[in-house]
**Q** 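Quick one: the structure is below, questions incoming.
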Amino acid sequence: MVWWPPIMPSHREAAAAHVLECLPWVMDSTDGQVEVVAALTHNDGPVGIATASTIVIGMGHQRPAQRALAADAIITLAAYGELPAADLGRAVGHMVRGGQVKLRRITGILDEVMETGAHAEVWTALAQAVPLLLPGPGEKARAGLGELLKVAARAAVRAGARGDIPGLGELAARKGSSLLIHEARRLSEVISA
C-alpha cells in the first residue's frame with residue numbers, strides 16, 4: 001500500500017479510498033503499512049472523507065509510532081491549509097461509535113496536534129465528533145469521553161470558538177462531579193461565553 005500514493009500523485013482522495021479497503025486489516029500489524037497515511041499527505045489533489053478516514057484509522061493504531069504518522073499527516077495537511085477537519089471529526093465520531101478505533105488513542109493524537117498550533121483545526125474536527133460521541137438517553141458514556149471533552153475545551157479556548165454542540169447542554173446539566181460532567185460544563189461555558 002505504501003506505493004499506492006506515488007502511483008496516483010494527483011488523486012489523493014482516490015488513493016485514500018483504495019487504501020481504506022485494506023488499511024483496517026493492518027490496524028494491529030507491525031509491518032509499517034500505516035506509513036501510507038503519511039505518504040498520502042504529500043500528494044496533490046482533493047482531500048475529503050476518504051483521506052480523513054485513513055488518518056483516523058492511523059490515529060487508532062495500537063503502536064505509538066504508527067499513531068505518530070497519523071499525527072504528522074494532520075499537522076502537514078493543516079500547515080498547507082488542506083486538512084478536511086470537519087470530515088476528520090465525522091470520521092472520528094463514526095469510527096469510535098462503530099468500535100473501529102479507540103477513543104483514548106484518538107484523544108492523545110488530537111491533543112498532540114493541538115499543541116503544535118493546529119487548535120482551530122482540532123476544534124473544527126471536535127465540533128463534528130463530539131455530538132456523535134455524546135451519550136444518548138439511557139446510553140452509557142464511552143470510556144475516555146471526559147478526556148476528549150477536555151481537549152475540545154482547550155481547543156475551543158485557543159480557537160476562540162463560539163456556538164452550540166447538540167446534546168452538550170443536556171450532559172452539562174446532569175448532576176455529578178465526574179470528569180465527563182465537569183468537562184462538559186467547561187466546554188459548554190467556553191463556547192457560549
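If you read the sequence from its start, that first residue is 1, and numbering goes on from there.
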**Q** Scan the side chains in residues 138-145 for donor-acceptor partners under 3.5 Å anywhere in the protein, sequence neighbours excluded, and list what turns up.
**A**
residue, atom, partner, partner atom, Å
Glu139, OE1, Gly136, N, 2.7
Glu139, OE2, Arg97, NH2, 3.3

**Q** Could you tell me which residues satisfy salt bridge (charged side-chain N to carboxylate O under 4.0 Å, His left out) with Glu147, sequence neighbours excluded, listed by chain and number?
**A** Arg104

**Q** Tell me the closest heavy-atom pair linking Leu88 and Ala125, and the distance in Å.
**A** CD2-CB, 4.2 Å

**Q** Under the side chain to side chain donor-acceptor pair (under 3.5 Å) definition, can you give me all pairs with a residue in residues 68-91, not counting sequence neighbours?
**A** Arg12-Glu82, Asp87-Arg90, Arg90-Gln128

**Q** If every non-hydrogen atom of Thr41 is compared with every non-hydrogen atom of Ala73, which pair is closest and at what distance?
**A** CG2-CB, 3.3 Å

**Q** So, using side chain to side chain contact (heavy atoms under 4.5 Å, CB included) as the criterion, who are the partners of Ala118 when residues are at least two apart?
**A** Ala78, Val113, Thr116, Glu121

**Q** Can you confirm whether Glu13 sits close enough to Ile49 that some side-chain heavy atom of one is under 4.5 Å from a side-chain heavy atom of the other?
**A** yes

**Q** With a 3.5 Å distance limit and no angle check, can you tell me whether Ser188 reaches the backbone of Ala184 through a side-chain donor-acceptor pair?
**A** no

**Q** Roughly how far, to the nearest 0.5 Å, is the CZ atom of Arg63 from the CG atom of Leu69?
**A** 11.0 Å

**Q** Filter on salt bridge (Lys or Arg N to Asp or Glu O under 4.0 Å), then keep only pairs touching residues 170-184, sequence neighbours left out; what's left?
**A** Glu183-Arg186

**Q** Using every non-hydrogen atom in the two residues, find where Val37 and Thr54 come nearest and quote the distance to one decimal.
**A** CG2-O, 3.4 Å

**Q** Can you find a pair of side-chain heavy atoms, one from Met114 and one from Leu110, that are under 4.5 Å apart?
**A** no

**Q** Does Ile57 form a side-chain contact (heavy atoms from CB on, under 4.5 Å) with Leu20? I'd like the steps, not just the answer.
**A** CA-CA 9 Å; Ile57 289 171; Leu20 281 175; 3.7 Å; yes

**Q** Tell me whether Leu180 is reachable from Leu132 by hopping between hydrophobic residues (I, L, V, M, F, W, Y) whose side-chain heavy atoms are closer than 4.5 Å.
**A** no

**Q** Return the minimal non-hydrogen interatomic distance between Ala129 and Gly93, and the atom names on each side.
**A** CB-N, 4.2 Å

**Q** Quick one, Gln100 and His94 - any side-chain contact, counting heavy atoms below 4.5 Å?
**A** no

**Q** Can you see which heavy atom on Thr124 is nearest to which on Ala86, and at what distance?
**A** CG2-N, 3.8 Å

**Q** Under 3.5 Å, is there a donor-acceptor pair between the side chain of Arg105 and the main chain of Met59?
**A** no

**Q** Sub-3.5 Å donor-acceptor pair from the side chain of Arg67 to the main-chain atoms of Gly58, do we have one?
**A** no

**Q** Taking the side chain as every heavy atom from C-beta outward, state whether Val47 and Leu83 have any atom pair closer than 4.5 Å.
**A** no

**Q** Report, one line per pair, each donor and acceptor closer than 3.5 Å where one atom sits in a side chain of residues 148-167; sequence neighbours left out.
**A**
residue, atom, partner, partner atom, Å
Arg154, NH1, Asp111, OD1, 2.9
Arg154, NH2, Asp111, OD1, 2.9
Arg154, NH2, Glu115, OE2, 2.3
Arg158, NH1, Glu115, OE2, 3.4
Arg158, NH2, Glu115, OE2, 3.4
Arg162, NE, Ala193, O, 2.8
Arg162, NH1, Val190, O, 3.1

**Q** Please find the pair of heavy atoms, one from Gly146 and one from Leu179, that lie closest to each other, and give the distance.
**A** C-CD2, 4.1 Å

